[in-house]
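To start, the structure itself, in structure tokens.
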2 protein chains.
Amino acid sequence: MGITIKDVAKAANVAPSTVSRVLSDNPRISMATKKRVRKAMKDLGYHPNINARSLANNSTQTLGIVMKSSADKALQNPFFPEVLRGVSSVAHKEQYSLNISTGETEDEVMESVRRMVEGHQVDGMMLLYSSKDDRVADYLLERGFPYVLIGKPTGNMNEVNHIDNDNIQAAIDITDVLIEKGHTRIAFVGGDPNLTVTEDRVAGYKLALQQAGIPIDNSYQVYTELLTSGGKEAVRELFQMDKPPTGLVVADDLMSVGMLTMLAEFGIRVPEDVSLVSFNNVYLSEIIRPALTTTDVQIFQLGNQAAKCLIENVKNKDEPIKRIIVPHNIVERDSVKQLE
Amino acid sequence: MGITIKDVAKAANVAPSTVSRVLSDNPRISMATKKRVRKAMKDLGYHPNINARSLANNSTQTLGIVMKSSADKALQNPFFPEVLRGVSSVAHKEQYSLNISTGETEDEVMESVRRMVEGHQVDGMMLLYSSKDDRVADYLLERGFPYVLIGKPTGNMNEVNHIDNDNIQAAIDITDVLIEKGHTRIAFVGGDPNLTVTEDRVAGYKLALQQAGIPIDNSYQVYTELLTSGGKEAVRELFQMDKPPTGLVVADDLMSVGMLTMLAEFGIRVPEDVSLVSFNNVYLSEIIRPALTTTDVQIFQLGNQAAKCLIENVKNKDEPIKRIIVPHNIVERDSVKQLE
DNA sequence: ATGAAAGCGCTAACAG
DNA sequence: CTGTTAGCGCTTTCAT
């Protein structure tokens with residue numbers, strides 16, 4: 001097969017173990033032999049067999065990544081590629097590989113996760129979402145396997161590493177821009193209510209209203225997958241109320257795009273007839289018209305920090321559990337109108 | 001550490017090799033012992049160590065995936081998640097893992113690819129793009145490492161597995177919808193001209209014009225990254241010509257979204273003032289307004305076929321080189337107007 | 001500072 | 001049909 005450590009050893013006139021030590025830059029090897037061995041490696045075009053190494057020292061230098069089961073359109077949300085970029089960037093610097101879960105259904109994904117961890121394919125896992133009753137998270141926690149969550153865990157807050165925004169505050173802040181512009185009839189449009197991020201964002205939305213002394217009306221909250229016929233109904237009802245909202249807090253930029261379209265169909269213009277704010281600040285939100293006033297949650301940073309945190313945890317098993325909050329900020333664009 | 005094959009062997013009163021054979025469902029093991037061994041595995045909660053297995057039989061059951069260097073926004077193109085879904089689906093069924101390239105710059109990606117292949121981490125590689133002078137593709141080809149390309153290779157057409165659409169025909173077809181609606185002043189807006197997909201699509205665009213007897217005007221072709229100030233200039237110039245186009249063939253749905261915005265800024269309406277058609281048919285294209293008339297290239301299928309092809313090639317080294325063309329079809333929506 | 005040897009968990013001849 | 005025995009390529013004591 002390929003060039004092995006033995007070939008290098010022979011070429012450099014040393015023992016295989018010495019080559020191994022050079023590989024890990026062991027300080028107890030003289031500069032002279034290091035030079036010699038390194039030259040031999042170059043000459044022969046040697047590359048260590050990562051599998052063999054993994055087997056020998058029981059560590060794989062690879063991180064597993066779980067996305068939500070790819071069956072739904074959620075994957076087309078630009079959030080994922082962006083967070084992946086953040087992860088990828090630090091993984092590369094730290095010489096870690098990335099192994100992503102396969103499978104379409106929840107069961108398949110779970111199966112692929114088990115394969116990764118029980119098959120000793122990865123040193124740690126990263127979940128790019130957080131939802132209620134998630135089997136993957138439960139499994140990892142129970143097994144005591146190192147992992148990090150992007151989002152907020154459902155319970156066990158102090159036992160699981162997680163990277164999150166302060167989504168409650170973020171929702172307060174973005175709702176406040178509506179309030180400051182004179183809006184009082186403000187509705188919330190969320191996605192999957194099982195996602196903790198949705199929970200937090202409604203919670204913040206409500207708090208903002210409270211603080212402003214605006215009564216909370218439950219018929220002003222709708223949860224919908226985007227663009228399903230059911231979703232369309234929900235939105236229509238919202239605007240057929242006696243007092244339809246003048247402001248919309250939408251849980252996610254991609255959903256906002258969907259909303260924009262539905263509203264257009266109903267002949268409702270943004271921001272003239274209704275103002276809209278949302279979350280994430282993906283690329284799309286700035287190229288769409290109207291450009292969205294949204295919350296920049298620093299997706300890239302989320303991924304970055306998550307990778308760092310996981311790698312630390314993997315390297316040092318009794319690294320304390322961490323909770324890292326990535327700051328957000330409001331970016332105002334053209335989807336909000338000042339009310340008289 | 002964990003449960004090993006030896007533990008299972010002991011528990012089932014057989015030799016380790018027997019357990020191994022049960023693992024691979026070797027037909028020369030009696031049903032009785034298979035049952036017994038399998039029970040032992042279940043009881044002990046045994047899972048094979050994939051690394052050890054890889055080392056022993058020199059095959060990793062994992063596929064490497066290369067995306068374009070994630071530095072640019074290209075990654076936010078919903079094309080990638082969708083093709084990944086296709087790949088993931090068959091990878092899972094075939095019990096393959098997916099290892100994605102890390103790094104932000106082209107150099108870093110190249111480095112991570114070398115790590116994968118020379119480090120024996122993957123059995124085959126898949127490139128999710130195809131562009132001129134691509135170091136990764138060159139490297140793989142030269143090394144004779146199994147790989148598959150999504151797109152059309154630049155040269156070596158018969159030496160590299162690839163899955164592609166007939167982009168020339170697709171461009172002809174989509175340009176024809178403009179022509180059939182009476183358009184004659186039709187411009188082409190492409191992205192990175194180094195991508196083979198861009199080449200093919202202009203080529204088809206030109207052929208369509210030719211076949212319709214419409215003269216080809218080079219100032220009607222612009223290549224631009226979306227939304228850069230340079231891009232804006234290019235588009236402005238297009239519409240400041242004596243005879244501005246009445247139809248636009250845009251190389252990609254995401255670019256189309258950017259175009260829509262630029263056009264709006266210039267006060268040009270779609271489809272009233274200019275008609276627009278594009279490629280890919282990502283989710284976005286149906287939820288944006290106007291909904292895009294576009295070419296469905298069956299992204300999921302592209303990924304699916306690519307994975308199948310690669311796995312075949314990996315399993316059987318002298319499987320012939322394949323070229324698979326995934327059919328496209330036109331989906332007409334609301335971005336085109338009939339001209340008088 | 002370096003070498004010899006055992007072993008990580010599994011597979012694959014080779015026996016029987 | 002099943003057991004024995006070598007490795008796969010690397011790391012890591014333990015010597016020297």
Side-chain angles (χ1 to χ4, degrees), chain A residues 1-38 40-41 44-62 95 97 115-123, chain B residues 1-38 40-41 44-62 95 97 115-123:
Chain A
M1 280 293 311
I3 309 292
T4 82
I5 213 173
K6 283 186 185 173
D7 302 318
V8 178
K10 234 160 237 164
N13 247 307
V14 293
S17 51
T18 302
V19 179
S20 172
R21 285 189 261 258
V22 173
L23 234 33
S24 48
D25 205 20
N26 188 318
R28 310 189 312 183
I29 298 287
S30 74
M31 242 352 227
T33 43
K34 267 189 190 169
K35 281 246 152 75
R36 197 149 39 87
V37 171
R38 292 219 172 94
M41 302 202 285
L44 299 180
Y46 168 77
H47 261 258
N49 181 323
I50 302 202
N51 275 311
R53 189 192 283 227
S54 298
L55 182 58
N57 60 16
N58 204 35
S59 113
T60 63
Q61 291 272 116
T62 113
Q95 308 245 64
S97 299
R115 216 179 114 87
M116 287 193 216
V117 348
E118 303 185 28
H120 296 253
Q121 282 191 118
V122 299
D123 293 339
Chain B
M1 279 297 311
I3 309 294
T4 82
I5 212 172
K6 286 187 184 172
D7 302 319
V8 178
K10 232 160 240 165
N13 248 308
V14 293
S17 52
T18 302
V19 179
S20 172
R21 285 190 260 258
V22 173
L23 235 33
S24 46
D25 204 21
N26 187 318
R28 310 189 312 182
I29 298 287
S30 75
M31 242 355 228
T33 43
K34 269 189 189 169
K35 281 246 152 73
R36 195 149 40 88
V37 171
R38 293 222 171 92
M41 302 203 285
L44 299 180
Y46 168 78
H47 260 258
N49 181 323
I50 301 202
N51 275 310
R53 188 194 286 231
S54 298
L55 184 57
N57 60 15
N58 204 33
S59 114
T60 63
Q61 290 272 116
T62 113
Q95 307 245 62
S97 297
R115 216 180 114 87
M116 286 193 214
V117 349
E118 304 186 24
H120 296 251
Q121 283 191 117
V122 299
D123 292 341

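To find a chain, count down the sequence lines: A is the first, B the second, and so on, and within it residues start at 1.
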What is the distance from [atom1] of [X] to [atom2] of [N], rounded to the nearest Å?
X: B:Ile50; N: C:dC8; atom1: CD1; atom2: C1'; answer: 16 Å
X: A:Asn58; N: D:dT13; atom1: CG; atom2: P; answer: 13 Å
X: A:Arg21; N: C:dA4; atom1: CZ; atom2: C1'; answer: 10 Å
X: A:Asn51; N: C:dT11; atom1: CG; atom2: P; answer: 13 Å
X: A:Asn49; N: C:dC8; atom1: CG; atom2: P; answer: 18 Å
X: A:Ile29; N: D:dT12; atom1: CD1; atom2: C1'; answer: 13 Å
X: A:Leu55; N: C:dA6; atom1: CG; atom2: P; answer: 18 Å
X: B:Lys6; N: C:dT11; atom1: NZ; atom2: P; answer: 14 Å

Position toward the 5' end of DNA chain C (nearest nucleotide), B:Ala52 or B:Ser17: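 The residue mapped nearer the 5' terminus is B:Ala52.
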
Hey, which of these two, A:Pro27 or A:Pro16, hits DNA chain C nearer its 5' end, going by closest nucleotide? A:Pro27

Establish, with yes or no, whether the OP1 or OP2 oxygen of [N] is under 4.0 angstrom from a side-chain nitrogen or oxygen of [X].
X: A:Thr33; N: C:dT2; result: yes
X: B:Arg28; N: D:dC1; result: no
X: A:Ser20; N: D:dT11; result: yes
X: B:Thr18; N: D:dG3; result: yes
X: B:Ser30; N: D:dT2; result: yes

State whether the side chain of B:Ser24 and the backbone N or O of B:Ser20 hold a donor-acceptor pair below 3.5 Å, judged by distance alone. yes

Is it the case that the side chain of A:Asp123 and the backbone of A:Gln61 share a donor-acceptor pair, with hydrogens and angles ignored and the cut-off at 3.5 Å?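 The answer is yes, because a donor-acceptor pair under 3.5 Å joins these two groups.
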
Test side chain to side chain contact (heavy atoms under 4.5 Å, CB included) on B:Arg36 and B:Asn13 and set out the steps. CA-CA 9 Å; B:Arg36 195 149 40 88; B:Asn13 248 308; 4.0 Å; yes

Map B:Asn13 and B:Ala56 onto DNA chain D by nearest heavy atom, then report which one ends up closer to the 5' terminus.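 Residue closer to the 5' terminus by nearest nucleotide: B:Asn13.
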
Closest approach of B:Thr62 and B:Gln121, non-hydrogen atoms and distance? OG1-O, 3.2 Å

What nucleic acid atoms does B:Val14 come within less than 4.0 Å of, heavy atoms only: base, sugar-phosphate, or nothing? sugar-phosphate

Could you check A:Thr33 against A:Val22 for side chain to side chain contact (heavy atoms under 4.5 Å, CB included), going step by step and ending with a plain yes or no? CA-CA 9 Å; A:Thr33 43; A:Val22 173; 5.8 Å; no

